[in-house]
Amino acid sequence: MPELPSVEIFKRYFNSTSLKQEILSVDIRNPEILINVSPKELENRLISREFTGSRRYGKYLFSHLDNDYFLILHFGMTGYLKYNKDTANPHTRLLLAFKEGNLGFIDVRKFGKIGLTRDVKQFIKDKNLGPDALDIDSKTFIQKFSNRKGQIKHLLMNQNFIAGIGNLYADEILFQSCIHPLSKADKLSRDKLKQLYHEMIRVLNKAIEYQDKPFSLPESFLLPHRHHQGECPQGGPLEVIKVGGRTTYYCDECQKLYH
DNA sequence: CGTGGCTCCTGGCGGC
DNA sequence: TGCCGCCAGGAGCCAC
């Protein structure tokens, strides 16, 4: 599930539920999803502490503790947060207990990751993440893409190139920009790249505004139609292909191939 | 650098 | 109904 808009929603959810209360217990149910840290250390750093805030970078959430550490959360394909009294969900991988309720990191497929760091900048550097998609400026964006020969969709989804965009919103951004997903980045004019940049920002903000429910977006968006036998908002069939191994929907009428 | 394939893991769905 | 293959909003690794 989680692309940048979902993680932004998770951040707001986390901030509204889990700040400024003591962590009473730390239940690590699936130690295999830990990175950078042993179960013992994670427990020691979390227990009896409080969260003071959080920040998002790309698809990562960094939850700040009152001991200068950050809990790192990455949600994989199926991860999300749930704050309630329930402790019985079989897909809960980490459960933090507070006085008033529990924060669960739920993740059916276990592609998510949980870690710990004192230095978010260094973590981002070690992971070699590109600039955050909602933070990059137009000039840098155009410069980066105009120097690359790869497929435009592949580059949009490459976290080392630009961080935050996944398979669904890549399709939406390219549809809104009228660019065929297999177009070569360096064949797009500067004006076209500028348009792509603005559509990226607009789509991501719109997705956040709509609580990251892609199928509830207005009819003029691709995502509500992105399913078997779905039709382009302008009319006509949607094409389905693979790009970089990922299922891709686009409209052959609306989206021009630059190559 | 670019591209394609495979892998991790689990569950839901369509087809037979 | 029951079983099977395929697919899923991520990403690392490897080969050419």
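Here is how names work: the chains are called A, B, and so on, in the same order as the sequence lines, proteins then strands, and each is numbered from 1. Hydrogens, waters and symmetry mates play no part in the numbers below; they use all other heavy atoms, side chains included.
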I'd like the 5' and 3' limits of the part of DNA chain B contacted by chain A, with heavy-atom contacts below 4.0 Å.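 Contact span on the strand: B/dG2 to B/dG11.
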Sub-3.5 Å donor-acceptor pair from the side chain of [X] to the main-chain atoms of [Y], do we have one?
{"X": "A/Asn102", "Y": "A/Gly104", "value": "no"}
{"X": "A/Asn67", "Y": "A/Arg45", "value": "yes"}
{"X": "A/Gln159", "Y": "A/Met157", "value": "yes"}
{"X": "A/Asn36", "Y": "A/Gly115", "value": "no"}

Given [N], is OP1 or OP2 found less than 4.0 Å from the side-chain N or O atoms of [X]?
{"X": "A/Lys113", "N": "C/dA11", "value": "no"}
{"X": "A/Arg109", "N": "C/dG10", "value": "no"}
{"X": "A/Lys242", "N": "C/dC7", "value": "no"}
{"X": "A/Thr247", "N": "C/dA8", "value": "yes"}

State which residue, out of A/Thr17, A/Leu65, A/Asn15, fulfils the side-chain contact (heavy atoms from CB on, under 4.5 Å) condition with A/Phe51. A/Leu65
What contact category does A/Lys213 fall into here, base, sugar-phosphate, or nothing, at under 4.0 angstrom with non-hydrogen atoms?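 Here A/Lys213 touches no strand at all.
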Mind checking A/Gly245 for me? I need base, sugar-phosphate or nothing, with any heavy atom below 4.0 Å counting as a touch.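 Nothing, no heavy atom under 4.0 Å.
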When the P atoms of B/dT7 and C/dG5 are compared, how many Å lie between them, rounded to an integer? 16 Å
Is the base of C/dG10 touched by the side chain of A/Asn167 through a donor-acceptor pair closer than 3.5 angstrom? no
Using the ring pair (Phe, Tyr, Trp, His ring centres under 6.0 Å) definition, which of the options A/Tyr57, A/Phe70, A/Phe62 pairs with A/Phe123?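 Answer to the ring pair (Phe, Tyr, Trp, His ring centres under 6.0 Å) test with A/Phe123 among A/Tyr57, A/Phe70, A/Phe62: A/Phe62.
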Protein-nucleic acid N or O pairs under 3.5 Å, nucleotides 12-16 of chain C:
none

Regarding A/Asp66 and A/Lys20, does a basic nitrogen lie under 4.0 Å from an acidic carboxylate oxygen? no
